[in-house]
Amino acid sequence: MQTAAANTAQLDTFPKLLLHHARTRPSHPAVREKDLGIWQSWSWQESAAEVRALACGLASLGFARGDRIAIIGDNRPRLYWTMAAAQALGGVPVPLYQDSPAAELAFVIDHAEVRFAMAEDQEQVDKLLELRDQCPKLERIVFDDIRGLRNYHQGFLASFDAVTEAGRAFDRANPEFFETEVTKGKGTDTSILCYTSGTTGTPKGVVLTFNNVLVTARNAAEMECLTDKEEMLAYLPMAWVGDHIFSYAQSYVCGFCVSCPESGATVMHDLRELGPTYFFAPPRIFENILTNVMIRMEDAGRLKRWIFDSFMGVAQRSGVRLLNGEPVSLGDRLKYRLGELLVYGPLKNTLGLSRVRLAYTAGEAIGPDIFDFYRSLGVNLKQLYGSTEASVFIAIQPDGEIFADTVGKPAPEVEIRVAENGEVLFRSPGVFQEYFKSPEATENTKTEDGWVMTGDAGFFDEHGHLKIIDRAKDVGKLNDGSLFAPKYIENKLKFFPNIKEAVAFGDGRDFVCAFINIDLGALGNWAERRNIAYGSYQELAQNPEIYGIIKSHVEQVNKDLASDPKLSSSQIRRFLVLHKELDPDDGEMTRTRKVRRGVIAERYDALVDAFYSGQDHCRIESQVTFEDGRKGVLSADLKIMDAETYAPSARVAQAAE
């Protein structure tokens, strides 16, 4: 078995690595795609041929060194090949979020001065046509899927097949062109322009070189002993730097195969079919999987539920300790083995996690209970701390030192320090070059000696592991001076399958309150089993029985907080269930599903005021965006409910003093 990849100094760009794999492992699968229910594979040699044809085709259309090409669509081999083709010519790929409306795309395309665009299908082409007048530098649009586009006759449009056909003709006439262009590339060249999700404002273009991306990807691969035998499912947005590192960079570094699902709707089914060995998902994915498991168990018979609950008790008691190599009694070992046969093994197989050798979660903090749930099943799940500005890797949990409340130790070649104000800073080979056309933002984030301010508050524990409390700007204090860390509270709420999202308030206040988004799938299933009729999310969310369920969850979180010396004062005093789901299209969340606290606090200020003025109801009107882009207004009279809080134990009270 070959270990993590070619690491010679000559292989300092992705196109060079592509040609290396085409020579050294020509028949080894490089990428797969499920189409019409059938998996199709391309070897490294075949992938290199496709990239060569596309690069030559783009060159024939006028694509030149320094040009930028927007890439928009779901995970598709042709879109990943576009990245390599552009880089082979000295160009820069700019991946975009496929669910962004035209207005959001227009900002990035105009700001990045994009000349070319690769679109997956008619939906994305239509967005590009809509914004073209706002982006005068956008000259050419190439599309992958021809369905619905046969009657589009604009001269600046071309199909992927037509471009690669022209590329092969260009290649025959200029046989040395492609290799010559690839050879010109250097590790110090810009590799990709990744735009941040814009949690606190407009997105910023993060300039990463080949050295930034390749060195960090290679270091992490060597640390985790990744090989060319890994199997990875690419299903997260290509615009997210996490997907770029795991589905593109480490695949090229190690030579392993990446598989693209048929669609977003089939991801879980395709995951089960593929059985990846290497898996990455943000916390919300693991939360959604856990929710689906709990829903299925609610529908199961009494005997199955009893077996599940009994063996999950064994897993909770012994599973994490067994995975960490800690001592466990013989009786619990035997019970766990029986549980593996009856519960854990079948469950992992159903979820597609049976072959997972290594799984990461990152993007935001994961609830400790959710984290321990997967590890108790025997899934080697680790927390990873990173950012776009770091080429992902800042801290990783090393084998044998995995804790639910830390993000690990500094990744290879990474330095981390905590400033006096508690903010985490890092320095590494992956540090970004600059924010594109934003020197002031660059100066405010990156020091002259290469330290980057993360905006996160944290500290090192007694094991030398980094703990992230929250975003530094979000960490506050209640009026009594006690710590208020909203994300920590929200994550504890989101452990419950019935709660999809939560937003906590309390900074500068006397006590903590929270907005709750219910999980429509989980509670819709609950309502159907009880023959409770509802016509909309809003109607179900305001059902008195739903409020009772959410109240029990909030009070369980309060019991847990009562045992925390630092956060016992942050128990949730009042809460409400929102009448609508927080939505990226409404500007309430980023495309990576991170809450925009400022937007929510401003938009729902009447609800926040009602919390602290003692009201038990509040009328609210909010703007919503429908799937076709139309705007509307949703009105509701929301109930505000009090929750029971609990006195901290004597031990906690003493520690707090």
Side-chain angles (χ1 to χ4, degrees), residues 287-288 290-300 302 305-306 308-309 312 367 369-370 373 486 489-506 511-563 568 570-582 600 604 606-608 610-620 622 634-647:
E287 291 162 5
N288 291 342
L290 178 57
T291 296
N292 291 332
V293 169
M294 296 308 180
I295 289 173
R296 292 182 63 178
M297 290 316 303
E298 285 289 335
D299 291 335
R302 184 176 300 177
R305 286 203 305 272
W306 179 82
F308 178 82
D309 292 341
M312 286 311 302
D369 296 327
I370 298 172
F373 171 83
I489 298 168
E490 292 157 6
N491 282 334
K492 293 191 79 65
L493 287 166
K494 287 159 61 178
F495 170 74
F496 297 97
N498 298 321
I499 297 178
K500 185 172 185 179
E501 193 57 72
V503 184
F505 303 90
F511 53 86
V512 175
C513 298
F515 292 163
I516 304 291
N517 262 168
I518 63 170
D519 189 292
L520 186 58
L523 286 173
N525 182 273
W526 172 89
E528 289 173 10
R529 291 198 310 273
R530 287 159 178 79
N531 295 317
I532 297 175
Y534 64 95
S536 65
Y537 176 94
Q538 180 178 354
E539 185 177 345
L540 182 63
Q542 298 308 304
N543 183 293
E545 291 188 64
I546 296 295
Y547 257 85
I549 292 172
I550 300 303
K551 183 175 186 287
S552 68
H553 296 335
V554 170
E555 291 176 349
Q556 181 58 56
V557 168
N558 285 345
K559 288 179 182 178
D560 294 342
L561 291 172
S563 64
S568 60
S570 290
Q571 296 178 55
I572 301 162
R573 194 84 59 86
R574 312 191 79 201
F575 73 94
L576 62 79
V577 179
L578 281 173
H579 59 304
K580 67 177 290 291
E581 291 187 274
L582 300 177
I600 293 170
Y604 299 106
L607 297 179
V608 177
F611 274 144
Y612 295 100
S613 61
Q615 299 178 45
D616 59 3
H617 283 82
C618 185
R619 183 77 178 173
I620 188 71
S622 52
L634 195 62
S635 302
D637 187 21
L638 301 184
K639 177 176 180 169
I640 298 174
M641 182 170 280
D642 294 329
E644 185 176 353
T645 57
Y646 302 88

Tell me which donor-acceptor pairs under 3.5 Å the side chains of residues 517-526 have, and how far apart each pair is, sequence neighbours excluded?
residue : atom : partner : partner atom : Å
Asn517  : OD1  : Leu582  : N            : 2.8
Asn517  : ND2  : Tyr537  : OH           : 3.2
Asn517  : ND2  : Lys580  : O            : 2.8
Asp519  : OD1  : Gly521  : N            : 3.0
Asp519  : OD1  : Ala522  : N            : 3.0
Asn525  : OD1  : Arg529  : NH1          : 2.2
Asn525  : ND2  : Asp299  : OD2          : 3.1

Sequence neighbours excluded, which residues qualify as side-chain hydrogen bond (donor to acceptor under 3.5 Å, both in side chains) partners of [X]?
X      : result
Gln538 : none
Glu528 : none
Gln556 : Asp560
Asp642 : Arg574

For Tyr534, which residues count as a ring pair (Phe, Tyr, Trp, His ring centres under 6.0 Å) partner, sequence neighbours excluded?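 Residues passing ring pair (Phe, Tyr, Trp, His ring centres under 6.0 Å) with Tyr534: none at all.
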
Which residues pass the ring pair (Phe, Tyr, Trp, His ring centres under 6.0 Å) test with His579, sequence neighbours left out?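 In terms of ring pair (Phe, Tyr, Trp, His ring centres under 6.0 Å), with neighbours along the sequence ignored, His579 is linked to no residue.
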
Among residues at least two apart in sequence or on other chains, which ones pass side-chain contact (heavy atoms from CB on, under 4.5 Å) with [X]?
X      : value
Ala643 : Val554, Glu555, Asn558, Phe575
Arg296 : Thr350
Arg573 : Phe511, Thr645
Asn531 : none

Side chains of Ile516 and Phe496: closer than 4.5 Å at any heavy-atom pair?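 In short, these two side chains do not touch, never coming nearer than 4.5 Å.
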
So with a 6.0 Å cut-off around CZ of Arg302, is the heavy-atom count from everything else above 12?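 Check fails, neighbour count at 12 or below.
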
